[in-house]
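First the structure, in the form of C-alpha cells, and then the observations on it.
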Amino acid sequence: MDDSAKGNAAESKDDRSWSIFDVPPPLKRIFDHFPLQTYPVDELPQRVPRGRTDHVLHVFTTENDAAHNRPSFNPQCLKYQTYLRFAGIRFRTVVSSNHASPTGVLPFVQPGSSNPDCLSPSQPIPSNKLRKWVEVAGSSEQLKEEDDVRYDAYTSLLEGRIRTLWLCQLYLVAPNAPLVRRLYVNPCSSQPFVRTAIAQQLQAAAETEVIKARQKNAVSLLDVSRDAEEAFLAFSSLLGDDSWFFGNDRPGMFDASVFAYTHLLLDENLGWVHNPAGEIVKRHENLARHRDRILDMYF
C-alpha cells in the first residue's frame, strides 16, 4: 500500500467516532443474520385477579363476621353498613382499623370498577362522603331519604344522648372492660403492655368525649342513662305503629342510625356484662321490633 492509501485509511479511521456501545464487527455479522425481534406482551395468567368489580366496605368487625356479612360491632360502621343494604348496593365487608382509613376514621368504601380488566385502584370514599356516594351509587327506588323537618332534631338526640350513653357504658363501666379488650384492644397487639396502653387511651378518649357532650366535669352513668331514656322514649313515640321512622314506606338513614345502636344493645352474643341501655330499649317494644325487622330483612 502506498503512502497516499495509508494516509486515506488513517484519515478515515480518525474521522469515525467510536463508542463503547458499538457492537464488535464479528457480533454484528451474527446479528445481521439473526435480527432482534420484539414479541407482544403475554397476557396475565387466568389465576391472577384482573380487577375488582365489587365494592368493599372497611369496618370494625371480625374475620368470621366479615366472611358471613354479619353486622359490625361498631355503631358508626354498622350505620353505613345498613344504609348500603337499604340502597341495594352489593358489597363485601373486610376487617379494618382507623389506621387503614384515609381520614383516620372508619368506615370507608373502596369502590369497585365497572371494568373487570381494570387494575388501577379507585379512590376510597371516606365516611364523611359516604352518604353522598350512596345516593349516586344506590338505587333511588330502594332508598328513602328523610325530608321531614324533625329529622335534624331527632338526629341530634341520637348523636348526642344515645352516643354518650354508648361511650359511657362501653368504655367507662369497669365490668365491660373485657368486652372492650376483645373488640378493640386485643386485635391491635399481642403485647400486654401495648394492650394496656391502648385500653387506657380508649378510656381516656371516651371520657373526654362524654365530658364534652355533657359539659360537666363529673361523669354519672345514672344521669347519662336518664337522658338516653328520654331520647329512646322520643324515638318510640316517633315510630309508633309504623314500620319505618317518619311514616316512610321504606327505611332511610335515620332507621339505619337507630338500628346501629338498638341492635348492638340488644345483641346477646356481643358480650355485655353490664347493659342498662339494653334494658331501656327492651321497654320500648316497637323499637325492638324495628331492630328485628331490619335484622331479618337485610342481614
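- Summarising the geometry of Ile294 relative to Thr82, their closest heavy-atom pair is CG2-CG2, 3.9 Å, with the distance given to 0.1 Å.
- For Ser225 (side chain) and Leu221 (main-chain N/O), a donor-acceptor pair under 3.5 Å exists by modelled atom type.
- Contact of the Trp272 side chain with the Pro175 side chain is not registered, since no non-hydrogen atoms from C-beta on lie closer than 4.5 Å.
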Which pairs of donor and acceptor atoms, one on a side chain in residues 198-210, lie under 3.5 Å apart (sequence neighbours left out)?
residue	atom	partner	partner atom	Å
Thr208	OG1	Ala204	O	2.9
Glu209	OE1	Arg163	NH1	2.6
Glu209	OE1	Arg163	NH2	3.2

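- For Gly247 against Asp242, the heavy-atom pair with the smallest separation is CA-OD2, 3.6 Å.
- Counting only heavy atoms from C-beta outward, the side chains of Cys188 and Val194 never approach each other to under 4.5 Å.
- Counting only residues at least two apart or in different chains, salt bridge (Lys or Arg N to Asp or Glu O under 4.0 Å) contacts with residues 230-240 comprise Arg161-Glu230.
- Here Asp292 pairs with nothing under the salt bridge (charged side-chain N to carboxylate O under 4.0 Å, His left out) rule; sequence neighbours left out.
- Classified by interplanar angle (parallel below 30°, tilted 30° to 60°, perpendicular above 60°), the ring pair Phe254/Tyr154 is perpendicular.
- A distance of 12.0 Å separates CH2 of Trp166 from CD of Gln76, quoted to the nearest 0.5 Å.
- One distance of note links CG of Asn74 with CD of Gln81; it measures 10.5 Å at 0.5 Å rounding.
- Considering only residues two or more places apart in sequence or on other chains, Asp65 meets the salt bridge (charged side-chain N to carboxylate O under 4.0 Å, His left out) condition with Arg70.
- In this structure, Phe232 and Phe235 have perpendicular ring planes: the angle between them is above 60°, well past the 30° mark.
- Residues Arg150 and Leu238 are in side-chain contact: their nearest non-hydrogen atoms beyond the backbone lie under 4.5 Å apart.
- Phe86 and Gly252 make their closest contact through CE1-O, 3.4 Å (heavy atoms, listed as atom of the first residue, atom of the second, distance).
- Linking ILVMFWY side-chain heavy atoms closer than 4.5 Å, directly or via other members, places Tyr151 and Leu287 in a single hydrophobic cluster.
- Linking Ile, Leu, Val, Met, Phe, Trp and Tyr residues whenever their side-chain heavy atoms come within less than 4.5 Å leaves Val185 and Val95 in two separate clusters.
- For the pair Arg85 and Phe299, the cation sits on the ring face: its NZ or CZ lies under 6.0 Å from the ring centre, inside 45° of the axis.
- For the atom pair CG (Leu266) and CD1 (Ile280), the distance works out to 11.5 Å, reported to the nearest 0.5 Å.
- With rounding to the nearest 0.5 angstrom, the OG atom of Ser243 is 13.0 Å from the CZ atom of Arg250.
- There is a path of hydrophobic side-chain contacts, each under 4.5 Å, that joins Leu172 to Ile211.
- Met297 and Val134 fall within the same hydrophobic cluster, where Ile, Leu, Val, Met, Phe, Trp and Tyr residues are linked whenever their side-chain heavy atoms come under 4.5 Å apart, directly or through other members.
- Sorted by first and then second residue, the pairs that involve residues 277-288 and meet side-chain hydrogen bond (donor to acceptor under 3.5 Å, both in side chains), not counting sequence neighbours, are Glu229-Arg283, Ser236-Asn286.
- Using a 4.5 Å heavy-atom threshold, the side chains of Arg90 and His55 count as separate.
- Side-chain atoms of Leu130 and Val109, non-hydrogen and from C-beta on, do get closer than 4.5 Å to each other.
- You'll find the side chain of Ser72 stays beyond 4.5 Å of the side chain of Thr93, heavy atoms only.
- Closest approach of Leu165 and Ala277 over heavy atoms only: CD2-CB, 3.4 Å.
- For the atom pair CG of Leu183 and CZ of Phe73, the computed distance is 5.0 Å after rounding to the nearest 0.5 Å.
- Listed here is the closest heavy atom pair of Pro124 and Pro111: CA-CD, 4.2 Å.
- With sequence neighbours left out, the salt bridge (charged side-chain N to carboxylate O under 4.0 Å, His left out) criterion links Arg226 to Asp223.
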Between Leu264 and Leu78, is a side chain to side chain contact (heavy atoms under 4.5 Å, CB included) present by the stated rule, with each step listed? CA-CA 9 Å; Leu264 295 176; Leu78 181 53; 4.0 Å; yes
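- Nearest heavy-atom pair across Ser96 and Phe108 is OG-CE2, 4.1 Å.
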Going through the distances and angles, do Tyr171 and Val180 end up as a side chain to side chain contact (heavy atoms under 4.5 Å, CB included)? CA-CA 7 Å; Tyr171 294 102; Val180 175; 3.9 Å; yes
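- The pair Arg214-Asp227 counts as a salt bridge, with a side-chain nitrogen and a carboxylate oxygen less than 4.0 angstrom apart.
- Of the possible polar contacts, one joining the Asp255 side chain to the Phe245 backbone as a donor-acceptor pair under 3.5 Å is found.
- Atom CG of Asp267 and atom OG1 of Thr262 lie 11.0 Å apart (nearest 0.5 Å).
- A donor-acceptor contact shorter than 3.5 Å links the side chain of Asn275 to the backbone of Gly278.
- For Asn176 and Gln169, the side-chain atoms include no donor-acceptor pair closer than 3.5 Å.
- By the criterion of side-chain heavy atoms lying less than 4.5 angstrom apart, applied directly or through intervening Ile, Leu, Val, Met, Phe, Trp or Tyr residues, Trp133 is grouped together with Phe91 in one hydrophobic cluster.
- Using a 4.5 Å heavy-atom threshold, the side chains of Pro71 and Leu295 count as touching.
- No side-chain heavy atom of Val273 sits under 4.5 Å from any side-chain heavy atom of Leu179.
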